[in-house]
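This report refers to the structure that appears directly beneath it.
In what follows, every heavy atom counts, from backbone to side chain, and hydrogens, waters and symmetry copies are set aside. The structure displayed is predicted, hence computed values, not measured ones. In listed order, ligands and their atoms are each counted from 1.
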Amino acid sequence: MQTVRIARQGSVAVATIDNPPVNALGAALRRDLATAVTEVMADPEVEALVLAAAGRAFIAGADISEFGKPLAQPILPEVLDLIENAAKPVVAAIQGVALGGGLEVALACHGRVALPAAKLGLPEIKLGIIPGAGGTQRLPRLIGAAKAFPMMLSGEPVAAQKALDLGLVDRVVEGDLVAAAVALAQELAAKGRPRKTGEIAEKLTQADREAFEALAKDATAKSGDMPNAMALIEAVRGAFTLPLAEGLAHERALFARLVVDERSKALRHAFFAEREAAKVPGIDDSVKPRPIARAAVIGAGTMGGGIAMCFANAGIPVTLIETSQEQVEKGHARIRDTYGFSVKRGSMTEATREQRMALITPAVGIAAAAEADIVIEAAFEEMGVKREIFGALDKVAKPGAVLASNTSYLDLTEIAAATTRPADVLGMHFFSPANVMKLLEIVRPEGVAADVVATAIALGRRLGKVPVVVGNCFGFVGNRMLEQRTRAAERLLVAGALPHEVDAALTGFGFKMGPFAMSDLAGNDIGWRSRKSRGKTAAVADAICERGWFGQKTGRGYYLYPEGARAGQRDPEVEALIADVSAKEGVARRSFTSEEILARLLDPMVNEGARILEEGIAARSGDIDIVWLTGYNWPAWRGGPMHWAEAVGLDVIVRRLEEQAAESGDASLEPAPLLRRLAAEGKGFSALKAA
Ligand code: T1G
């Protein structure tokens, strides 16, 4: 199929790019674009060319799915050289997003016209790379390096008006974009040979260089460990120190090195995994979500308040329900304070805070949920409490209302059975802080209606979440795997490691916090209560809780938190307690390297992930990665636990698990059958097709 159609408007040729869904610059489009430019430039009747595009994107950039494979000719820089060196002017008509290579196409043009809704950006940094087709050379020439560098370092697009102010586009027009682009093309043609972006030098002044170097110094201090950020500095510096051709070659060499880096592979995996997670078996476009105009949240605690904020932030009126006026007012006040932090930081105006607070109506009693199209229960994590609430909801909620529980672990089928409408009941598991964390686990119990699942997915997106549909089991996906890491961390303490060593291994891997600091932050008593409710024990963790050392809220947990201390400090009493446990269990303590600690923490998680796939609790391994990337701060540039395991090698994971199982006598550490099979076949989880 032709990806570029050429038409004539008078003496100007209009080439319309049409490569659904987002006009990514795959091999066919690169070839058709080169052909179109060559043909138009050879046509004596044509005095100029406009590059337009069909669909919602101008050009979404290079085709990311081609990375890591041999690139078919022509490569993008060659196509852009054709455009920039054309004898007749080429003008870009930008109706939608012009991202990455898409903006680089526009930069190689001699003029740019955009609709007000268009957005222009170079997001390559988010994929672990840098612009690889002239962005680091042409953008600074057009708008100055001091403005171009921050755009490329953040990867955030700018709106058309901002692009106009920067000098990135020549005109922003309402109405007929192509006609406006044709007019500009004719004006440029009347001036003779078009001026190449690569020839523009007046913005690259000494002052601009100094401003850029200051920004580069700051970026080095902040992101010195990000190879692509450092490469970006080098490439942009080349715009000052090298002629265009050498600057382009230098940029391409830096880009080529980054594309093969594990970090970039992980970020590209996450890009596609997030989009794949949106494809839910049995829920296609034919399943229409139920309309949601108003919501209710049961429970005004930390989670309930955070969930209510999600609705208010999305402009959806929400009733916040508690059992007493005092409780609901306390929860309502906590929301106001939370918004207050944003107001203080300047990221929210007082007016916005008031608008959002006005959307949250505090109320007492379940009857206040009667008008809601969706009710999310965020009450105490105890089955009896939840069944009582859903039984009461069943009597007051309007027919067709979606009834969701924010439970972190519990059985949704059992909760649904407390109602006469189980097909309307599912889990919507938010992650704390609910108004911040992106992940929304949508738990799909047997018998839930397809349109109820579709409603939760659509609502999740409307709330700005990343919805991942998971099966109904204890802990679903994220917490079920987290429990394996928690047990592994406890085993490590008894075997000889200390809390700060275990935490340091994970923060060194890229997590913001390790398991013990995290437990002290959340409250050690939460895990203690959960273990007791299931008849489980953990010698060290239980001993710490029996002493009331619940963590930061009690001034000590695994660590000491002296008044005002920013971080926990080692506690000799805890370390003595740990040694006592080892002695009681007859374990000869030994030291562990960070690598050993990491393997012992993460391998059991991967093993549980394999079981989750075997049981169909997750449709694909990428969904598990997205759960950990968006719900647990798994380091983005490591791609998630299943992607990490694949990079390590499943055979290595299997061998280490067998060693751990033999050493600990814990059969649950034996490799899952799926893991063994894939390892034996020399494959990774990505070889599995969605269930
Ligand atoms: N390559 C391949 N496929 C892409 C793609 C891309 N660049 N962008 C989107 N898709 C697919 C996506 O996987 C999904 O597929 C469908 O299009 C719709 O996407 C040389 C080297 C453009 C803002 O980083 O930000 O250029 O699931 O669900 O919400 O220097 O997609 O339907 O099968 O996201 O409307 C730089 C990435 C590349 C932009 C549209 N460009 N894309 O959002 O739809 S590197 C990017 C986006 C580069 C140069 C360098 C968004 C979007 P499927 P979607 P959307």
Going by the 4.0 angstrom heavy-atom rule, the piece of Phe67 near ligand 1 is side chain
Per-atom filter on ligand 1: closer than 4.0 angstrom to a heavy atom of Gly132 are 30 (O)
Does some non-hydrogen atom of the protein lie less than 4.0 angstrom from atom 15 (O) of ligand 1? no
Specify whether the nearest protein heavy atom to atom 26 (O) of ligand 1 is under 4.0 angstrom away. yes
* To do: Answer whether the closest heavy-atom distance between the side chains of Ile617 and Asn472 falls below 4.5 Å.
  => no
Closest to atom 39 (C) of ligand 1 by heavy-atom distance, out of Gly61, Ala60, Pro77, is Ala60
When distances are taken from atom 35 (O) of ligand 1, the protein heavy atom at minimum range is Arg56 NE, 2.9 Å
Among non-hydrogen protein atoms, atom 3 (N) of ligand 1 lies closest to Phe272 CE2, 4.0 Å
Salt-bridge criterion met for Glu262 and Lys265 (N-O under 4.0 Å): yes
Honestly, for Pro21 the part within reach of ligand 1 (heavy atoms, under 4.0 Å) is side chain
- Query: Do the two ring centres, one from Tyr632 and one from Phe431, sit under 6.0 Å apart?
  - Reply: yes
Gly282 and Val287 have their tightest heavy-atom pair at O-CG2, 3.9 Å
- Would you find a donor on one side and an acceptor on the other, under 3.5 Å apart, between the side chain of Asn19 and the backbone of Leu29? no
Is Gly100 close to ligand 1, meaning an N/O of one under 3.5 Å from an N/O of the other?
-> no
Closest to atom 53 (P) of ligand 1 by heavy-atom distance, out of Lys279, Arg268, Arg275, is Lys279
Worksheet item: Any nitrogen or oxygen of Gly101, main chain or side chain, under 3.5 Å from a nitrogen or oxygen of ligand 1?
Response: yes
Going by the 4.0 angstrom heavy-atom rule, the piece of Asp63 near ligand 1 is both
Between Ile624 and Met481, the two heavy atoms sitting closest are CG2-SD, 3.5 Å
Ranking Ala62, Ala24, Gly155 by closest non-hydrogen atom to atom 7 (N) of ligand 1, top hit is Ala62
Under 4.0 Å from one or more heavy atoms of Glu104, ligand 1 contributes atoms 20 (C), 30 (O), 49 (C)
Is a donor on one side and an acceptor on the other found under 3.5 Å between the side chain of Gln95 and the backbone of Ala114?
no
Quick one: does NZ or CZ of Arg257 land under 6.0 Å from the six-membered ring centre of Phe255, within 45 degrees of the ring axis? no
Here the atoms of ligand 1 under 4.0 Å from any heavy atom belonging to Phe255 are 21 (C)
Nearest non-hydrogen contact to atom 50 (C) of ligand 1 from the set Glu276, Glu251, Glu124 belongs to Glu124
Looking at Arg138 and Glu84, is any side-chain nitrogen of the basic one under 4.0 Å from a carboxylate oxygen of the acidic one? yes
Smallest heavy-atom separation, Val182 atom then Val14 atom, equals CG2-CG2, 4.0 Å
Atoms of ligand 1 under 4.0 Å from any heavy atom of Phe271, numbered from 1 in the order shown, are 8 (N), 9 (C), 13 (O), 37 (C), 42 (N)
Fill in: Short N or O distance, Ile64 and ligand 1, threshold 3.5 Å exclusive
yes
Give a yes or no on whether a salt bridge exists between Glu199 and Arg195, defined as a side-chain N under 4.0 angstrom from a carboxylate O. no
Expected output: side-chain Lys162 to main-chain Pro157 donor-acceptor under 3.5 Å = no
Short version for Leu127: what comes under 4.0 Å of ligand 1, heavy atoms counted, is side chain
- Can you check whether Trp634 reaches Asp625 side chain to side chain, under 4.5 Å on heavy atoms? no
Per-atom filter on ligand 1: closer than 4.0 angstrom to a heavy atom of Val22 are 8 (N), 9 (C), 10 (N), 17 (O)
In terms of its nearest heavy atom to atom 24 (O) of ligand 1, the top option of Pro123, Gly134, Pro131 is Pro123
**Message:** Does Lys279 form a salt bridge (Lys or Arg N to Asp or Glu O under 4.0 Å) with Glu276? I'd like the steps, not just the answer.
**Reply:** CA-CA 5 Å; Lys279 294 169 190 157; Glu276 280 304 298; 2.8 Å; yes
Of all protein heavy atoms, the one nearest atom 52 (C) of ligand 1 is Leu99 CD1, 4.7 Å
message: As a test of the contact definition, would atom 43 (O) of ligand 1 count as having a protein heavy-atom neighbour under 4.0 Å?
response: no
